[in-house]
Structure formats: C-alpha cells, structure tokens
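The block underneath contains the structure these notes are about, expressed in structure tokens.
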Amino acid sequence: MQWGKEATFGELLLRHRQATGLTQEELAEASGMSVRAIGDIERGRARGPQRRSVDALADALRLADRARAEFLAAARRGRRRAPAGPPKPDPSGELIGRDTELAELRAFAELVARGTEEVPVAAISGLPGVGKTSLLTTAAHALADLFPDGRFFLDLRGMDEPLTPARALDRLLRLLGVPETEIRGSLAERAWLYRSLLDGKRVLLALDNVPAADAVRTLLPGTARCLVLVAGRRALTELTGGHHRVLNVLRTADAVALLARIAGARRVDSEPGAAAEVARLCGNLPLALRLAGHRLAVSPQWTLKGLATMLADERRLSLLSAGHLQVRTAFALSYRQLGERTRLVFRHLSVVPGADFTPALAAVAAGIEPDDAGRALTALAEASLVRRDGDRYELHGLLRAFAVERFREEESPSARRAAADRTNAWLVHTATRAGLLFDVWQRAEPCGEPASVPLRTCAEAEAWLDAEAGNWIPAIRYAAHARWHHDVIAVARALHWFSYVRVRPHPWPELFGLGGAGPPAPGAPPPRAASP
C-alpha cells in the first residue's frame with residue numbers, strides 16, 4: 001500500500017494497524033502503550049507522541065526500512081515541541097515537600113541577583129520521576145521578582161531527541177528579538193551576540209532535561225546577574241561551583257499529602273494506614289504517587305487498602321500509568337542510554353536480596369569482575385538509576401521492579417535462577433566465614449571462601465556482618481528454601497558466637513531454626529525479597 005507522504009501520524013498508525021490485522025487492544029499489549037493513548041493518536045487528538053512511544057509502536061507493527069522512516073517522519077512533523085517561554089508553576093498547585101530546596105534556591109538566586117556569585121548556575125538532579133521539572137518550574141516562577149528583564153524556558157529533551165547547543169542558542173536569540181534572518185555566523189559568533197544582548201541585564205534561564213554539561217556551557221549568559229536553573233537526571237558535576245541539589249524521594253508525610261491532594265483528603269484521611277502503605281509501595285516517588293492518586297481519583301469505588309494490595313504485586317509498574325505517563329517509561333528512557341555492560345549490571349541488581357549493596361556484591365550478582373562492576377555502578381549513579389552513599393549503593397524499590405522486568409525480557413529464566421543462586425550462595429558462604437572468626441574454639445575455613453572480601457579479624461567480620469545484614473539474612477532464608485541444608489546448618493553454627501555480640505536486631509531464633517529445620521513443604525513460597 002502506498003501512503004501519502006503528508007499523511008498524519010494518526011492516519012499512518014491506523015492504516016498500519018489495520019494492515020496487520022491488530023486491534024487497538026492487541027497493539028497496546030504489544031507496544032506497552034495504553035489503549036486510550038493509541039485511540040487518541042488515531043483520532044488526531046495526539047499528533048506526535050514522544051520518540052520512545054513511536055519506536056515501540058513501530059516495533060509492535062514490525063515496520064522496517066521505508067515504512068518505518070515514513071512513520072518516524074510523520075511523528076516528527078506532528079510532535080508538539082516544548083515552548084521556549086516563561087516557566088509555569090507546578091500545575092497541581094503548591095509544590096509539596098520541597099520547602100527546603102526552594103529556600104536554598106531563593107538564597108542562591110539572591111546572591112546571583114546581587115552579582116556576588118561567580119558561577120550563577122543552580123543544578124537539580126535525581127532519579128526519574130522524583131520531581132525535577134516540578135521544582136524547576138515552580139522555582140523559576142517564584143524567583144521572577146529577582147530577574148525583571150526576562151525569564152526563558154527551554155526543554156533540551158535530553159532523554160528523547162536532544163536539542164543541540166546551536167539549535168538551543170538560536171531559539172534563545174529569537175526570544176531575545178533577533179530576526180531569524182539575522183541569526184547567522186559560527187556558533188562562537190552567535191554565542192557572542194547572545195551574551196552581548198544579556199550584558200547588564202538580570203535574566204533567568206530555566207533549562208530542563210539537560211543531557212550533559214556540554215549542552216549548557218554555550219547557553220551560559222556570561223554575566224554575573226543572570227541565573228541559570230538546570231534540571232536533568234545527571235548530576236552535571238562538571239559545572240564547577242554554583243549550587244547543586246540532588247533530589248531525594250519525599251518523606252512519608254509529604255507523600256501521603258500528595259496522595260490526598262490528588263485523590264481527596266477525606267478519602268485518604270479515612271484510611272491513614274493504607275495511605276502510608278500505598279506511599280511505601282510507590283517508594284515515595286512523586287511520579288508514582290501522582291499516578292496512584294490518579295488511579296484512585298478515576299476509580300471512586302477503590303479503597304486505599306485495595307490499591308495497596310494491587311501495588312504489592314510484582315506487576316506494580318503496569319498499574320502506575322495514565323495514558324502516555326508511565327513510571328516504566330520514565331525508567332526505560334534512562335536504561336536505553338546505558339552501555340551494554342552497565343545494563344547487564346542493572347538487570348542483575350534485581351537478584352540482590354537487600355536494598356543496598358557494595359560493588360563486590362554487584363560483581364557476584366552479574367558474574368563479572370569487581371572493577372567492572374564498580375565502573376558500571378558509577379555510570380548508573382551518574383544516570384540517577386542507583387544512589388551512592390559512601391562505598392555502598394542503593395536501588396529504589398520501583399527501579400528494582402523495573403530491573404526484574406528487564407531481566408525477564410532480555411534473559412532466560414535459567415539465567416536469573418543461576419544469578420540468584422550465585423548471589424545468595426556467596427552471601428551465605430561469606431557470612432559463614434565471618435561467623436567462624438568469632439568461634440573461640442575452632443576457626444575452620446568454610447568451603448567456597450570468596451576472595452573478593454578477605455575477612456581476617458573479628459573487627460572486619462563484625463563490620464561486614466553489620467553492613468550486609470540486609471543481604472545475608474534473606475540469603476539464609478533463600479538457602480533454606482532452596483534446600484541447601486549443609487550450607488544452612490554451617491552458617492547457623494558459624495554465627496553462634498556472633499549472636500552474643502549482636503543480640504539485637506537480628507532474628508536469631510528464626511535463623512537458628514532454619515538450621516535445624518527439615519526441607520520446606522512442597523510448593524512452599526520462597527522468602528520475599530526486600531520491598532521498597
């Protein structure tokens with residue numbers, strides 16, 4: 001079938017779908033999009049979705065070569081570009097839980113407005129869905145009084161089709177009143193013109209979805225009294241000086257307040273315990289909380305307890321969606337930009353029992369060398385997919401669920417089982433070695449001694465057991481369920497003397513009971529992994 005070059009994206013989607021014999025529901029299932037989103041596109045209500053959605057549809061329709069190129073071109077023609085205009089405040093009203101961050105930005109902006117800050121750049125970073133854009137736009141709106149000569153907003157689209165510094169600079173020049181016919185010359189010449197127009201002025205420039213520091217440098221005004229607010233998933237530490245803030249998830253009270261704003265205060269107040277559980281299962285992540293609140297708002301018959309039960313399922317990411325807006329999609333954007341080795345490590349983090357871990361444990365999970373795992377974790381931290389705290393890393397609960405999905409999609413069930421066995425066995429053997437160092441009568445060497453964590457003294461063993469309690473305790477439960485009876489008995493005996501050192505908070509009766517218990521009953525469920 002020959003389709004016109006100027007067909008809209010919705011028309012092309014409808015024709016391709018009908019040609020393949022797929023219903024909207026079948027295409028939604030194959031592409032990961034919602035039926036409503038596909039319907040909106042075909043009816044022309046959404047003229048050009050994001051590139052990630054277009055790629056997913058093209059893959060589901062099995063488009064290739066010219067047909068795929070025409071499909072992508074139609075989406076580009078219809079795609080609505082983010083306006084380069086004044087920032088707007090958070091559409092849901094006053095920002096919740098970010099008073100400290102807003103106060104910090106106000107204090108920094110006052111220094112910039114007075115001309116006393118050498119690097120007038122404030123950078124906001126954090127994991128996908130943590131609310132960087134909301135803070136950026138709210139702050140830009142709140143700081144307008146300090147920058148009376150203008151405010152400009154640009155979405156650099158760092159996670160989709162990034163604006164080049166040249167294109168971004170041309171947009172700013174047009175906003176500053178330069179006719180398009182006069183925007184010419186080299187990039188350096190246009191940058192000089194841009195800075196000369198801002199000389200002596202007090203202007204605020206807000207840049208969202210910044211992919212890297214290089215995308216910002218050309219756009220810096222070059223005058224001390226202009227503030228540049230930037231937001232992106234990377235920390236942009238290359239921009240020395242200035243103000244940097246890594247956003248964390250909300251506190252539980254603020255997370256519940258966000259739910260109440262969207263779903264209704266009376267409804268949330270009537271089930272306070274369930275509301276806190278919903279917030280916990282959303283990992284206190286603002287995007288997830290908004291989507292959960294939306295689910296409640298459009299489903300008045302649902303209770304918060306019922307929603308919490310649904311979110312406890314391992315398929316929770318499918319529930320946290322509304323049209324084009326999905327937690328899974330936000331994570332996938334960052335994941336696709338990672339290198340192959342880094343993606344491998346991220347997937348294998350899903351088999352780590354606890355919430356935090358070291359590069360050594362990540363290396364065991366992925367089956368690679370510790371140095372390679374360390375480099376991958378650094379890349380994941382830079383992409384805000386893990387959080388670094390000293391020499392340990394933490395994986396957010398929803399990102400763990402996403403890692404599980406990626407593992408199932410990209411690798412075999414046997415590979416996941418092998419990784420889980422390898423990781424838990426390593427933890428059990430290391431805990432056994434650590435425990436034996438406290439045995440005042442006999443210090444035998446356990447089989448399978450891991451070379452990557454050399455434990456020689458009681459102090460080293462105690463430090464490891466304390467730091468890794470969130471991992472080796474569930475690993476013992478895993479071993480018991482897997483019927484590794486010899487290993488479970490060995491670790492229970494080895495930890496006997498350590499239990500006198502750490503009476504609390506470890507569940508010693510349970511752990512020692514596993515060492516003396518027989519095989520689990522047929523069909524017994526495995527021990528639960530750590531939740532968010």
Side-chain angles (χ1 to χ4, degrees), residues 87-90 92 94-114 116-144 146-147 151 153-156 158-159 204-217 219-221 224 226-255 257-258 283-290 330 334 378 380-390 393-394 396 399:
K88 296 180 180 180
D90 177 56
S92 66
E94 183 183 355
L95 201 62
I96 290 178
R98 301 302 186 195
D99 291 346
T100 299
E101 290 84 354
L102 286 170
E104 291 175 351
L105 289 172
R106 163 65 67 169
F108 181 76
E110 289 174 349
L111 294 176
V112 172
R114 292 198 297 266
T116 58
E117 185 62 41
E118 292 185 6
V119 183
V121 179
I124 304 165
S125 63
L127 73 145
V130 80
K132 299 178 293 294
T133 297
S134 294
L135 178 60
L136 176 80
T137 54
T138 300
H141 179 75
L143 300 174
L146 298 174
F147 302 95
R151 291 169 293 143
F153 178 79
L154 277 182
D155 184 350
L156 298 187
M159 305 308 297
L204 186 153
L205 175 62
L207 303 174
D208 198 14
N209 290 311
V210 175
D214 289 342
V216 175
R217 289 193 177 96
L219 308 180
L220 297 179
C226 290
L227 173 65
V228 181
L229 294 178
V230 300
R233 298 185 183 185
R234 296 188 177 274
L236 303 178
T237 53
E238 302 96 324
L239 296 173
T240 57
H243 174 78
H244 292 82
R245 161 62 78 164
V246 179
L247 283 190
N248 203 347
V249 296
L250 297 175
R251 296 174 300 179
T252 298
D254 293 326
L258 180 54
N284 289 358
L285 186 69
L287 174 59
L289 291 161
R290 290 179 183 278
S334 292
T378 297
L380 288 170
E382 290 174 350
S384 296
L385 292 178
V386 298
R387 187 175 71 89
R388 184 170 186 173
D389 184 8
Y393 293 83
E394 183 178 353
H396 187 273
L399 279 166

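- In terms of heavy atoms, Tyr393 sits closest to Ala381 at CE2-CB, 4.3 Å.
- Nearest heavy atoms, Leu105 versus Ala139: CD1-CB, 3.7 Å.
- Atom CG of residue Asp389 and atom CD of residue Glu394 lie 8.0 Å apart, to the nearest 0.5 angstrom.
- A distance of 12.0 Å separates CZ of Arg388 from CG of Leu380, quoted to the nearest 0.5 Å.
- A pairwise comparison of heavy atoms in Asn284 and Leu289 identifies C-CD1, 3.7 Å as the closest pair.
- Using a distance-only test at 3.5 Å, with no hydrogens or angles considered, no donor-acceptor pair links the side chain of Asp208 to the main chain of Asp155.
- The two residues Ala330 and Leu287 make their nearest non-hydrogen contact at CB-CD2, 4.0 Å.
- Rounding to the nearest 0.5 Å places CG of Asn209 at 11.5 Å from CG of Leu154.
- Taking both residues in full, the closest heavy atoms of Leu229 and Leu136 are given as CB-CD1, 3.5 Å, listed atom of the first, atom of the second, then distance.
- Taking 4.5 Å as the limit, every side-chain heavy atom of Val130 sits out of range of all side-chain heavy atoms of Asn248.
- Remark: the backbone N or O of Val246 is not paired with any side-chain donor or acceptor of Lys132 at under 3.5 angstrom.
- The local environment of CZ in Arg251 is sparse, with at most 12 non-hydrogen atoms from other residues, nucleotides or ligands closer than 6.0 Å.
- Not counting sequence neighbours, Phe147 has no partner by the ring-ring contact (aromatic ring centres under 6.0 Å, His included) test.
- Side-chain contact check for Val121 versus Val230: some heavy-atom pair is nearer than 4.5 Å.
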Step-by-step side chain to side chain contact (heavy atoms under 4.5 Å, CB included) determination, Leu385 to Leu399: CA-CA 7 Å; Leu385 292 178; Leu399 279 166; 3.8 Å; yes

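- Interatomic distance, CD1 of Ile96 versus OG1 of Thr138, reported as 11.0 Å (0.5 Å rounding).
- In this structure Arg98 satisfies the side-chain hydrogen bond (donor to acceptor under 3.5 Å, both in side chains) test with no other residue, sequence neighbours excluded.
- In this structure, Pro128 and Ser384 approach most closely via the heavy-atom pair CD-O, 3.7 Å.
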Trace of the side chain to side chain contact (heavy atoms under 4.5 Å, CB included) decision for Leu146 with Arg106: CA-CA 9 Å; Leu146 298 174; Arg106 163 65 67 169; 3.4 Å; yes

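- Using a distance-only test at 3.5 Å, with no hydrogens or angles considered, no donor-acceptor pair links the side chain of His243 to the main chain of Glu104.
- Distance check, rounded to the nearest 0.5 Å: CG of Leu285 to NE2 of His396 gives 5.0 Å.
- Every residue was checked against the side-chain hydrogen bond (donor to acceptor under 3.5 Å, both in side chains) condition with Glu118, not counting sequence neighbours, and none meets it.
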